[in-house]
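For this chain, numbers begin at 1 and follow the sequence in order. The shown structure was predicted, so the numbers you read here are calculated from the model rather than taken from an experiment.
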Amino acid sequence: MIPSVLPTYNRAPLTFVKGEGTWLTEADGRRFLDLGAGIAVNALGHAHPALVNALTEQAHALWHVSNLYNIPQQQALADKLVEHTFADTVFFTNSGTESCELAVKMARKYFYDKDQPERVEIITFDGSFHGRSSAGIAAAGSEKMTKGFGPLLPGFVHVTFGDLDGVTNAITDKTAAILIEPIQGEGGIRPVPDAELKALRQICDDNGLLLILDEVQCGVGRTGKLFAHEWAGITPDIMMVAKGIGGGFPLGAILATEDAAKGMTAGTHGSTYGGNPLGCAVGCAVIDQVATPAFLEGVNRKAGMLRQKLEGLIADHPDVFEEVRGAGLMLGLKCKATNTDVVNAGYDNEVITVPAADNVIRLLPPLTLTEDDIAQAMIRLDKAAAQVEASLESA
């Protein structure tokens, strides 16, 4: 008999009932160090007072009216994002998947309105992840994502990750945009080097293309800048945002330049819940915390400390781990042992990590983790690695 909850997830046998900061409490009372943050969502940790206050205050005032009317909280958050980024305008969604859908529509509408309706193709990269909608899986193109869900949405051209010549060769008179994650998350924490991001920006400029960045996982302070592309000194035309922007409340956005967005006039797109007062009130509180030099300096300091200690962990367990990769507090441990075995050993030792492709485990802790949290992380990851080593020796 099928469960009442559609069984599309391979869930760990854990049920968390409370969270505080970097810690989760299981129903049986055990406390877990959360180095996953709901897959990079809980940017300020669990039950952050500023977010609790923002949500509670708004909940007592107004929940939902729809986008038939002005929403002051939405305007406030849009103004903050425009102030702190390249963008001239913002559309609010509920998720990264919805942001992907609008990014694709916006790019195609841009060229349609320029009397170039044939320019509909978007160049994407192997190992990418852009959500699980029809556009998202077609953009990623992997068999794991697409098998059984054909016919796929056309208009995506897939190129090998890191192959700039392949990008140039893929451009035709049908090309509209290039879509890339500055750091692939699901694909195994694979950063795009700054020089490559600069080269992609130049390729777009030289060929009249739009550059779309997917910062759903790597954005909102995760790399030590407000958005990851800032490290390369470039700006996109369109950017997908979600996860950390709501600090745990479902919220996403598309940020765009005035030029890229000019085709999206009244009636071309909409969302019933997108930009609702609750989500945007929380989003304002998140940006007020994260978009400050002191906060981002703290992320960089703690990221350097964590990475240094992870290098030591690899040296202590060379049969389990191979390398550390990533940026800021978006780090991956490339494993020699099976990555899911390492994740499960972490559960046994009350530490949460997240598996990814390329046999990697992701470390995506709240950006508010403390030095004591880092020390606890190393103790628990060390025990998990020792457990995996013991199982390898007895196999």
Side-chain angles (χ1 to χ4, degrees), residues 16-25 31-59 73 76-78 80-81 83-85 92-96 183 185 215-228 230 241-253 255 276-306 326-331 351-354 362-374 376-377:
F16 297 113
V17 296
K18 186 177 180 180
E20 185 176 2
T22 318
W23 295 88
L24 286 167
T25 303
R31 294 182 76 240
F32 285 70
L33 182 64
D34 184 8
L35 300 183
I39 316 182
V41 167
N42 297 98
L44 298 181
H46 300 279
H48 191 283
L51 305 194
V52 172
N53 290 340
L55 183 61
T56 302
E57 182 178 339
Q58 187 58 49
Q73 298 78 14
L77 181 53
K80 291 176 189 291
L81 291 170
E83 176 188 354
H84 290 292
T85 72
F92 291 105
T93 67
N94 304 286
S95 66
I183 303 176
E215 292 227 20
V216 168
Q217 192 165 144
C218 63
V220 193
R222 181 126 313 258
T223 67
K225 296 278 190 183
L226 186 57
F227 290 102
E230 296 174 35
V241 180
K243 290 189 181 290
I245 194 173
F249 196 95
L251 182 64
L255 281 63
N276 66 79
L278 291 169
C280 288
V282 176
C284 284
V286 170
I287 294 300
D288 285 345
Q289 295 281 325
V290 174
T292 65
F295 186 92
L296 295 172
E297 287 169 9
V299 170
N300 284 307
R301 177 179 55 80
K302 290 178 285 190
M305 181 185 304
L306 178 58
L329 292 175
M330 185 176 181
L331 299 175
V351 61
I352 303 295
T353 61
V354 182
R362 282 176 280 178
L363 308 179
L364 307 164
L367 306 181
T368 52
L369 89 164
T370 66
E371 293 184 17
D372 288 342
D373 293 333
I374 292 173
Q376 274 295 319

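The two residues Ala253 and Phe92 make their nearest non-hydrogen contact at CB-CD2, 3.9 Å. Across every non-hydrogen atom of Gly96 and Ala242, the tightest pair is N-CB, 3.3 Å. In terms of heavy atoms, Cys218 sits closest to Ala228 at SG-CB, 3.8 Å. Considering every non-hydrogen atom in both Leu77 and Ile287, the closest pair reads CD1-CG1, 3.9 Å. Heavy-atom minimum distance, Pro365 versus Ala37: C-CB, 4.0 Å.
Residues that satisfy the side-chain contact (heavy atoms from CB on, under 4.5 Å) test with Thr22, not counting sequence neighbours, are Leu33, Pro366, Leu369, Asp373. With sequence neighbours left out, Phe32 forms a ring-ring contact (aromatic ring centres under 6.0 Å, His included) with Phe16. Here Ala285 pairs with Leu51, Ala54 under the side-chain contact (heavy atoms from CB on, under 4.5 Å) rule; sequence neighbours left out. Not counting sequence neighbours, the partners of Ala59 by the side-chain contact (heavy atoms from CB on, under 4.5 Å) test are Trp63, Leu278. The salt bridge (charged side-chain N to carboxylate O under 4.0 Å, His left out) test applied to Lys302 returns no partner, not counting sequence neighbours.
Pairs of residues two or more places apart, or lying in two chains, never qualify as side-chain hydrogen bond (donor to acceptor under 3.5 Å, both in side chains) while including a residue from residues 242-251.
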Legend entry - side-chain hydrogen bond (donor to acceptor under 3.5 Å, both in side chains) evaluation trace for Gln376 with Arg31: CA-CA 12 Å; Gln376 274 295 319; Arg31 294 182 76 240; over 6 Å; no

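Rounding to the nearest 0.5 angstrom, the gap separating the CZ atom in Arg362 from the CG atom in Leu331 is 12.5 Å. Note: Glu215 CD to Thr223 OG1 = 7.0 Å, rounded to the nearest 0.5 Å. Rounded to the nearest 0.5 Å, atoms CG (Asn94) and CG (Asn276) are 7.0 Å apart. The distance from atom CG of Asn42 to atom NE2 of His48, rounded to the nearest 0.5 Å, is 11.5 Å. One finds the NE2 atom of His84 at 7.5 Å from the CG atom of Leu226 (value rounded to the nearest 0.5 Å). Taking NZ of Lys225 as the reference point, atom CG of Asn300 lies at 8.0 Å (rounded to 0.5 Å).
Counting only heavy atoms from C-beta outward, the side chains of Cys284 and Gln289 never approach each other to under 4.5 Å. Considering only heavy atoms from C-beta on, Phe295 comes within 4.5 Å of Thr368 through its side chain. In this structure, the side chains of Gln217 and Leu364 come closer than 4.5 Å at one or more pairs of heavy atoms.
Evaluated for a side-chain contact (heavy atoms from CB on, under 4.5 Å) with Ile245, the options Val290, Val41, Val286, Leu251 yield exactly one hit, Leu251.
For Asp34 (side chain) and Leu24 (main-chain N/O), no donor-acceptor pair under 3.5 Å exists by modelled atom type.
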